[in-house]
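Read through the structure below, which is laid out as structure tokens, and then see the notes.
All figures in this text were calculated on a predicted structure; none of them were measured in a lab.
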Amino acid sequence: MADLTAQQVDCIMYNLRQWRRLVNLIEPRTSASVVTLPVATSRHGSTVERAAVHRAVVSDVLDRATNGLITLPRGQQTIARMRYGLRADGVCHSIREIADYLTKTRRRRANATRFERVSTATVQRKLEAIRKHLTREIGTVSREFWRAIETLEVATAKQTC
């Protein structure tokens, strides 16, 4: 296990919704639910056992990422949700778009026509702070997590083809 890099934090956050959906596909909701199991491999253990382990490993990391997002200050939550596409619209916004949104929001709140613009450098600094916070909250991520994600994505891709 190693500490997360900024790229890995971004990867987890950009894919948070999709991976949560994939994990939910292998969780039976009712007795009539269809259960999606990962593709069988040569590893020891049954397919059901591997699915349960994959689900647990992935859910743990996604839960820590979600909790990390929730514990951010409100302004940083807004930036994170806009950047990683975690708002209702699901759109990942550019740094410029976030800066423009924050500028407009500040103007509205201050009820001013002329207000200092939020720079892209400010948004970048806040994103770095967000990544550091999420790195601390998520902690270490095992190789098993990345293998489980790959297995879930492969299983889902085979079902949709």
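Across R81 and L69, no two heavy atoms sit closer than the pair NH1-CD2, 3.7 Å. For the pair G68 and L134, the tightest heavy-atom approach, listed with the atom from each and the gap, is C-CD2, 3.6 Å. Shortest non-hydrogen contact noted between R131 and A6 is CD-CB, 3.8 Å.
Put simply, CE on M13 and CZ on R83 are 12.5 Å apart, with the number rounded to the nearest 0.5 Å. Going from atom CZ of R17 over to atom CZ of R21 covers 12.0 Å, rounded to the nearest 0.5 Å. Interatomic distance, L127 CG to I130 CD1, rounded to the nearest 0.5 Å: 5.0 Å. In this structure, R55 CZ and D60 CG are separated by 11.5 Å, a value rounded to the nearest 0.5 Å. How far CZ of R87 is from CD of Q77: 12.5 Å, rounded to the nearest 0.5 Å. Rounding to the nearest 0.5 angstrom, the gap separating the CG atom in N67 from the CG atom in L62 is 11.0 Å.
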Step-by-step side-chain contact (heavy atoms from CB on, under 4.5 Å) determination, Y101 to M82: CA-CA 10 Å; Y101 173 82; M82 289 182 76; 3.5 Å; yes
Full working for side-chain contact (heavy atoms from CB on, under 4.5 Å) between Q8 and V141: CA-CA 9 Å; Q8 289 172 322; V141 176; over 6 Å; no
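Shown here are the side-chain contact (heavy atoms from CB on, under 4.5 Å) partners of R96, two or more places apart in sequence or in another chain: S94, A99, D100, R117, T120. With sequence neighbours excluded, the residues satisfying side-chain contact (heavy atoms from CB on, under 4.5 Å) with T122 are V118, S119, R125, K126.
The side-chain heavy atoms of D10 and Y84, taken from C-beta on, include a pair separated by under 4.5 Å. Annotation: side chain of R147 is not in contact with side chain of V57 (no heavy-atom distance under 4.5 Å). Inter-residue side-chain proximity for I12 and L4 is flagged as met; some heavy-atom pair is nearer than 4.5 Å.
Between H93 and the options I98, I79, V123, a side-chain contact (heavy atoms from CB on, under 4.5 Å) holds for only I98. The side-chain contact (heavy atoms from CB on, under 4.5 Å) test with R20 singles out one residue from L22, N24, V23, and that residue is N24.
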